[in-house]
Student: 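Can you keep this structure in mind? I'll have questions shortly.
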Amino acid sequence: MTTEMPTKTITITELDRQRIERLLVEFDARAAKPDEHLEWFRKKFEQATIVPQEEVPADVVTMNSTVSLYDMDFDVTECYTLVYPVNADIFANRVSVLNPMGMAILGHRPGDVARWKNSHGEHQLELRELVYQPEREGVLNL
């Protein structure tokens, strides 16, 4: 079972919301059965605060953001870029927004702890630094 505890309202740009909703519809059309990770993500996504790209706070993890994450279980810090599934490459530290870790960090800010459960147990990552956010740099419509 995949859940996040406790639930915190996240912030998502309108463009990210539109694109992710399209991905979820496409996934549903191909899926033989409901996916627990995506059901958890949908709940989190439905409760999100949606803002225009130009108004997203400069410290919010948006799509194509690079974030420094501290893995509380393994005492290690690594940088990851949050991408759409077609650009995902875990060996290049590009994590898909439809991966449980990607789902957990979207919309959060430095200082937040992203949590989720899956068949391997509970995972926790502290967002240490938002290294790059496209909107903050004036890069829109990626």
Side-chain angles (χ1 to χ4, degrees), residues 1-31 34-142:
M1 175 192 224
T2 305
T3 58
E4 179 181 353
M5 323 109 335
T7 301
K8 177 180 178 177
T9 301
I10 60 171
T11 301
I12 300 174
T13 70
E14 177 62 31
L15 182 61
D16 289 348
R17 181 192 62 79
Q18 291 171 1
R19 290 178 174 172
I20 292 168
E21 281 181 349
R22 218 173 344 201
L23 285 174
L24 294 172
V25 168
E26 290 171 10
F27 185 87
D28 286 343
R30 291 190 312 263
D35 181 280
E36 290 181 39
H37 292 97
L38 293 181
E39 291 307 313
W40 163 73
F41 186 51
R42 278 187 179 92
K43 288 178 187 169
K44 178 179 174 177
F45 197 68
E46 289 169 1
Q47 297 169 355
T49 300
I50 309 299
V51 298
Q53 278 185 293
E54 305 81 31
E55 296 176 20
V56 69
D59 63 344
V60 169
V61 177
T62 61
M63 291 304 302
N64 298 301
S65 289
T66 301
V67 62
S68 174
L69 300 169
Y70 172 66
D71 188 318
M72 301 167 86
D73 297 322
F74 295 101
D75 191 32
V76 64
T77 301
E78 293 187 271
C79 283
Y80 289 92
T81 301
L82 184 63
V83 298
Y84 293 102
V86 69
N87 297 318
D89 180 352
I90 199 64
F91 298 109
N93 288 6
R94 292 192 309 260
V95 65
S96 168
V97 68
L98 296 185
N99 172 291
M101 182 175 85
M103 293 176 200
I105 65 174
L106 178 68
H108 285 280
R109 298 171 177 205
D112 289 349
V113 175
R115 296 180 176 92
W116 73 96
K117 284 185 182 179
N118 64 19
S119 60
H120 301 289
E122 183 178 331
H123 302 277
Q124 299 183 99
L125 296 170
E126 179 186 347
L127 283 73
R128 289 275 170 97
E129 177 186 3
L130 185 57
V131 177
Y132 172 79
Q133 183 208 61
E135 293 82 3
R136 182 175 68 203
E137 304 299 322
V139 179
L140 304 178
N141 301 320
L142 277 179

Student: Please report the interatomic distance OH(Tyr80) to OG1(Thr66), rounded to the nearest 0.5 Å.
Tutor: 12.5 Å
Student: Any side-chain heavy atom of Ser65 within less than 4.5 Å of one from Gln133?
Tutor: yes
Student: What's the separation between atom CE in Met63 and atom CG in Asn87, rounded to the nearest 0.5 Å?
Tutor: 8.5 Å
Student: Measuring from Asp89:CG to Ser96:OG, what's the distance to the nearest 0.5 Å?
Tutor: 11.5 Å
Student: Keeping the roles fixed (side chain from Glu126, backbone from Met72), state whether a donor-acceptor pair exists under 3.5 Å.
Tutor: no
Student: Answer with yes or no whether the side chains of Gln18 and Glu14 bring together a donor and an acceptor at under 3.5 Å.
Tutor: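 There is such a pair between these side chains.
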Student: Any chance you could lay out the side-chain hydrogen bond (donor to acceptor under 3.5 Å, both in side chains) test for Tyr70 and Asp75, step after step, and finish with the verdict?
Tutor: CA-CA 7 Å; Tyr70 172 66; Asp75 191 32; 2.6 Å; yes
Student: Checking Leu125 against Trp116 for the side chain to side chain contact (heavy atoms under 4.5 Å, CB included) test, could you report, in this order, the C-alpha distance in whole Å, the side-chain angles of both residues, the deciding distance, and whether it holds?
Tutor: CA-CA 9 Å; Leu125 296 170; Trp116 73 96; 3.6 Å; yes
Student: Identify the two heavy atoms, one from Arg109 and one from Pro57, that lie closest to each other, and give their separation to 0.1 Å.
Tutor: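 Scanning both residues completely, I find the closest heavy atoms to be NH2-CG, 3.1 Å.
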Student: For Ser68 and Val131, work out which heavy atoms get closest and say how close.
Tutor: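 Distance-wise, the nearest heavy atoms are N-CG2, 4.1 Å.
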Student: Using a strict 4.0 Å threshold on nitrogen-to-oxygen distance, state whether Arg19 and Glu21 make a salt bridge.
Tutor: no
Student: Considering non-hydrogen atoms only, spot the tightest contact between Asn93 and Cys79 and give its length.
Tutor: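 For Asn93 and Cys79, the tightest heavy-atom pair comes out as ND2-O, 2.9 Å.
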Student: Decide yes or no on side chain to side chain contact (heavy atoms under 4.5 Å, CB included) for Val95 and Val83, but give the supporting numbers first.
Tutor: CA-CA 6 Å; Val95 65; Val83 298; 6.0 Å; no
Student: Got a donor-acceptor contact below 3.5 angstrom from the Lys44 side chain to the Ile10 backbone?
Tutor: no
Student: Are Gln47 and Thr9 close enough, and set up right, to give a side-chain hydrogen bond (donor to acceptor under 3.5 Å, both in side chains), and what steps lead you there?
Tutor: CA-CA 6 Å; Gln47 297 169 355; Thr9 301; 5.7 Å; no
Student: Any chance you could measure Leu15, atom CG, to Glu54, atom CD, to the nearest 0.5 Å?
Tutor: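 Spacing of CG (Leu15) from CD (Glu54) equals 9.5 Å.
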Student: For a quick test of reading the model, state the closest non-hydrogen atom pair linking Val61 to Leu106 and the distance between them.
Tutor: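 Minimum heavy-atom contact is O-CD1, 3.7 Å.
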Student: Donor-acceptor check, side chain of Arg136 to backbone of Leu130, threshold 3.5 angstrom: yes or no?
Tutor: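 Side chain of Arg136 to backbone of Leu130: a pair is present.
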Student: Do we see a donor-acceptor contact under 3.5 Å between the side chains of Glu135 and Thr62?
Tutor: yes
Student: If every non-hydrogen atom of Phe41 is compared with every non-hydrogen atom of Val97, which pair is closest and at what distance?
Tutor: CZ-CG2, 4.1 Å
Student: Set out, in order, the CA-CA distance, both residues' side-chain angles and the distance that settles side chain to side chain contact (heavy atoms under 4.5 Å, CB included) for His123 and Arg115, then state yes or no.
Tutor: CA-CA 6 Å; His123 302 277; Arg115 296 180 176 92; over 6 Å; no
